[in-house]
Amino acid sequence: MRNSSIYTGILVSEYISKKVELSEWGQSVVKELSQFIQTHEPELKGFSDKNLWRMKQFYETYKEFPKISTLLREISWSHNLFIFSRCKSIEEKEFYIKLTKQENYSFRELERQISSSLFERTMIGNSKLSTVLRETNADIANTFNLTF
């Protein structure tokens, strides 16, 4: 899903989330919606039933965090999904979203940084970190009321 499609994905996921929450919809309806989109808008990609459920989870995770929601639109869907699926806390997700945007990480580089536990290492100490990481680290330190 391209960056321009992320906004559409967020709107679709918000709609699905609200319908499921109100118990108006179940899995079969989401599958039918996916088939409808694929049939009537074949040029739109990324709207499989599995992806629609991911979009719903994605929306529900970030809906309480408008500051992060704005950042999400600035990185690709694949970057977002990887961060979403691999990071545990909202602070860790925010850290990698900001870092991906600021450093213009490729997917492979983002994967490498998450696998090497950059967030945890940054939280332990900030010696020999780049300016971007120190700035990001300062925001995180304030979140946890830590002093580095």
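Reckoned from all heavy atoms, side chains included, excluding hydrogens, waters and symmetry mates.
- Using a 4.5 Å heavy-atom cutoff, the side chains of Glu120 and Glu92 are in contact.
- Linking Ile, Leu, Val, Met, Phe, Trp and Tyr whenever their side-chain heavy atoms come within less than 4.5 Å puts Leu71 and Leu99 in one cluster.
- Salt bridge status for Lys67 with Glu94: present, with a side-chain N to carboxylate O gap under 4.0 Å.
- Side chains of Met55 and Trp77 form a contact here, defined as non-hydrogen atoms less than 4.5 Å apart.
- Heavy-atom minimum distance, Lys45 versus Pro42: NZ-O, 3.0 Å.
- With 3.5 Å as the limit, one finds a donor-acceptor pair spanning the side chains of Arg121 and Ser116.
- Looking at heavy atoms from C-beta onward, Gln113 lies out of side-chain contact with Phe95 at the 4.5 angstrom threshold.
- Although no hydrogens or angles enter the test, the distance criterion places no donor-acceptor pair under 3.5 Å between the side chain of Lys56 and the main chain of Ile16.
- Side-chain atoms of Lys50 do not come within 3.5 Å of backbone N or O of Phe47 as any donor-acceptor pair.
- In this structure, Tyr96 and Leu118 have side chains that are in contact, with non-hydrogen atoms separated by less than 4.5 Å.
- Contact annotation: the side chain of Ile75 never approaches that of Tyr105 to less than 4.5 Å [non-hydrogen atoms, C-beta and beyond].
- Atoms CD1 and CD1, on Ile83 and Ile114 in that order, are 5.5 Å from each other to the nearest 0.5 Å.
- Thr61 and Gln57 share no donor-acceptor pair across their side chains, judged by distance under 3.5 Å alone.
- Here the OH-OG distance, from Tyr15 to Ser13, works out to 13.0 Å after rounding to the nearest 0.5 Å.
- Under the rule for a side-chain contact (heavy atoms from CB on, under 4.5 Å), the partners of Arg112 that lie at least two apart in sequence or sit in another chain are Glu109.
- In this structure, the side chains of Arg54 and Leu81 come closer than 4.5 Å at one or more pairs of heavy atoms.
- Between Phe82 and Phe107, the angle of the ring planes goes over 60°, which puts this pair in the perpendicular group of the 30/60° scheme.
- With values rounded to the nearest 0.5 angstrom, Glu111 atom CD is found 10.5 Å from His79 atom NE2.
- Note: Ser17 OG to Trp53 CH2 = 9.5 Å, rounded to the nearest 0.5 Å.
- Closest heavy-atom contact between Lys93 and Cys87: NZ-O, 3.2 Å.
- The hydrophobic clustering, which links ILVMFWY residues whose side-chain heavy atoms are closer than 4.5 Å, places Ile37 and Tyr59 apart.
- For the atom pair Glu14 CD and Glu60 CD, the distance stands at 10.5 Å (nearest 0.5 Å).
- Asp49 contributes no side-chain N or O that, together with a main-chain N or O of Ser34, makes up a donor-acceptor pair within less than 3.5 Å.
- Residues Tyr62 and Ile90 have side chains in contact (heavy-atom distance under 4.5 Å, counting atoms from C-beta outward).
- Checking side-chain atoms of Ser69 against main-chain N and O of Phe65 turns up a donor-acceptor pair under 3.5 Å.
- Contact check for Ser48 versus Gln38: side-chain heavy atoms found under the 4.5 Å cut-off.
- A continuous path of ILVMFWY side-chain contacts below 4.5 Å connects Leu52 to Leu44, so both sit in one hydrophobic cluster.
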